[in-house]
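Remember, it's a predicted structure, so these values are computed and weren't measured experimentally.
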Amino acid sequence: MKRRVAVTGLGAVTPIGNTVPEFWEGIKEGKVGIGEITRFDTSDYKVKLAAEVKGFNAKEHMDVKAAKRMEPFSQYAVAAAKEAFQDAGLDMEKEDAYRAGVIVGSGIGSLETVEREYTKIQTKGPGKVHPLMVPLMISNMAAGNISIQLGLKGKCTNVVTACASGTNSIGDAFRAIQYGDADVMLAGGCESCICPTGVAGFTGLTALSTSEDPMRASIPFDRERNGFVLGEGAGVVVLEELEHAKARGAKIYAELIGYGATGDAYHITSPAEDGAGAAMAMKLAMEEGGVSPEQVDYINAHGTSTHHNDLFETRAIHMAFGDAAENVMINSTKSMIGHLLGAAGGVEFIVCAKSIQEGFVHQTVGSKEADPEECDLNYMFHKPAEKEIRYCLTNSLGFGGHNATLLLKKYEG
């Protein structure tokens, strides 16, 4: 028998708020965290906009020595994890440390470290490279640093599946609890690569929006969409075996009841054109949760604002939901915060948990007119909705053909 899994803590660092309350208030207000890139001079770049984290001070979340041994992606992850841990009311003196673990992924790790240290090699020689270059750079250090900061000695891994990293990380943590490997898991994703190499690399793929209007740059499912907006941040949640959570009187945001993961086996950057892989991920999540398409109230779509993703994800929803696709509410959080890459799934999972808790589904901000080329569903353009949400899906689709879907349910005892 698989054990039941509750969501008991939430933590976020995002372009519209560096705590969950700030972030969620921004979501309800339809706040857009996209603006001109401030990290470097973009004079020679086609892309001028990004969704940067603002006002973050690592020293408010850890001591100075620890902060210096982390790059921003790890700092964001630790800050989000500490918020989630505190929100859940966990006390490690009352927990078996070997039954509490971490799975937090980053799609890239630290490109800034690579840029900075390679410049040193070229200008000053290899002897000037920072002695901590490798641990600063590698993507697993977000999970490692969280474990160290919070004293979690159980399973500690990271999942790297590009833009699906956060969702796969939560899915793998879900499995660890279901099958008895852990009682408590901190899971999610983080990313920070708004830097010359990151922007140039994604621009070279023609993946980024070249719009200079922050309100019309990340416009998922819109007929004028022309690429995603690079974002950064972290989203980390506490998952807990249900009886364990109940025994300590934890508040429960939602129950996680389904996880689907598939591979397109199609193309290194484009989703499968018929949407079959993403459709199967959704079907698997619904099958595990014992839920029919007609019961799903809301889908937090991957919705990147690229031509291919939004078209093919729409086809996937049609394939997975059949006639029920016409009635489900669909939105894209990326319309407000851009695409957080490996962090996207963690932050969007938090949106789903809060939507269930408060009965609120946000607008896809900035999008005005759906693409007539098959984008024919209810993408929540123009206004949000207040409605009880009993079941919702969240999708993440990553370069390499990685598809991941999680199914959340309103907790009813």
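- For the residue pair Thr304/Thr306, the side-chain donor-acceptor check at 3.5 Å is satisfied.
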(request) Would you check, one step at a time, whether the test salt bridge (Lys or Arg N to Asp or Glu O under 4.0 Å) holds for Glu348 with Lys334? (result) CA-CA 9 Å; Glu348 291 159 13; Lys334 295 178 179 70; 2.7 Å; yes

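- With hydrogens and angles left out, the side-chain atoms of Asp41 and Ser43 include a donor and acceptor closer than 3.5 Å.
- Here the shortest heavy-atom pairing between Ser218 and Gly338 reads OG-CA, 4.4 Å.
- Within a 6.0 Å radius of CD in Glu36, no more than 12 heavy atoms belonging to other residues, nucleotides or ligands are found.
- Listed here is the closest heavy atom pair of Ile389 and Lys410: O-CB, 3.7 Å.
- Counted within 6.0 Å of NZ on Lys368, heavy atoms from surrounding residues, nucleotides or ligands total 12 or fewer; the atom is thus considered open.
- Taking the ring centroids of Phe381 and Phe221, they lie at or beyond the 6.0 Å cut-off.
- In summary, Glu71 and Arg116 engage in a salt bridge, as defined by a charged side-chain N under 4.0 Å from a carboxylate O.
- At most 12 non-hydrogen atoms from other residues, nucleotides or ligands lie less than 6.0 angstrom from NZ of Lys59.
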(message) Run Tyr411 and Tyr253 through ring pair (Phe, Tyr, Trp, His ring centres under 6.0 Å) and show every step you take.
(response) CA-CA 7 Å; Tyr411 177 65; Tyr253 286 99; over 10 Å; no

(message) Assess the residue pair Glu52 and Ile34 against the criterion (side-chain contact (heavy atoms from CB on, under 4.5 Å)); give the C-alpha distance rounded to whole Å, side-chain angles, the decisive distance to 0.1 Å, and a yes or no.
(response) CA-CA 7 Å; Glu52 299 176 344; Ile34 297 167; over 6 Å; no

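- Ring geometry for Phe56 against His61 counts as parallel: the plane angle stays under 30°, on a 0 to 90° scale with 60° as the upper cut.
- A salt bridge links Glu224 to Arg216: one of the charged nitrogens lies within less than 4.0 Å of a carboxylate oxygen.
- The two residues Asp371 and His307 come nearest to each other via the heavy atoms OD2-CD2, 4.4 Å.
- Across Ala316 and Gly275, no two heavy atoms sit closer than the pair CB-O, 3.2 Å.
- Under a cut-off of 6.0 angstrom, the local environment of OH in Tyr266 is crowded, with over 12 non-hydrogen atoms contributed by other residues, nucleotides or ligands.
- Shortest non-hydrogen contact noted between Ala80 and Val236 is CB-CG2, 3.9 Å.
- Glu273 has no carboxylate O lying under 4.0 Å from a charged side-chain N of Arg315, or vice versa, which leaves the two without a salt bridge.
- With 3.5 Å as the limit, one finds no donor-acceptor pair spanning the side chains of Thr314 and Glu374.
- Heavy atoms from other residues, nucleotides or ligands lying under 6.0 Å from CG of Asp323 number 12 at most.
- Checking Ser106 against Ser139 by side-chain atom types alone, no donor-acceptor pair falls below 3.5 Å.
- Across all non-hydrogen atoms, the minimal contact from Leu397 to Cys163 is O-CB, 3.6 Å.
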(message) Before you tell me yes or no, could you show the steps for Tyr298 and Tyr391 under ring pair (Phe, Tyr, Trp, His ring centres under 6.0 Å), namely the whole-Å CA-CA distance, both residues' side-chain angles and the distance that decides it to 0.1 Å?
(response) CA-CA 7 Å; Tyr298 160 46; Tyr391 297 98; over 10 Å; no

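- Side-chain contact annotation: Asn300 with Asn395, donor-acceptor N/O pair under 3.5 Å absent.
- A donor-acceptor contact closer than 3.5 angstrom is absent between the side chains of His318 and Glu326.
- Annotation for Lys120: atom NZ counts as buried by contact number, over 12 foreign heavy atoms lying within 6.0 Å.
- No more than 12 heavy atoms of other residues, nucleotides or ligands sit less than 6.0 Å from atom NZ of Lys68.
- Remark: the backbone N or O of Cys195 is not paired with any side-chain donor or acceptor of Glu112 at under 3.5 angstrom.
- The existence of a salt bridge linking Lys155 and Asp172 is excluded, since no basic side-chain nitrogen approaches an acidic carboxylate oxygen closer than 4.0 Å.
- In the displayed structure, Glu386 atom CD is contacted under 6.0 Å by at most 12 heavy atoms of other residues, nucleotides or ligands.
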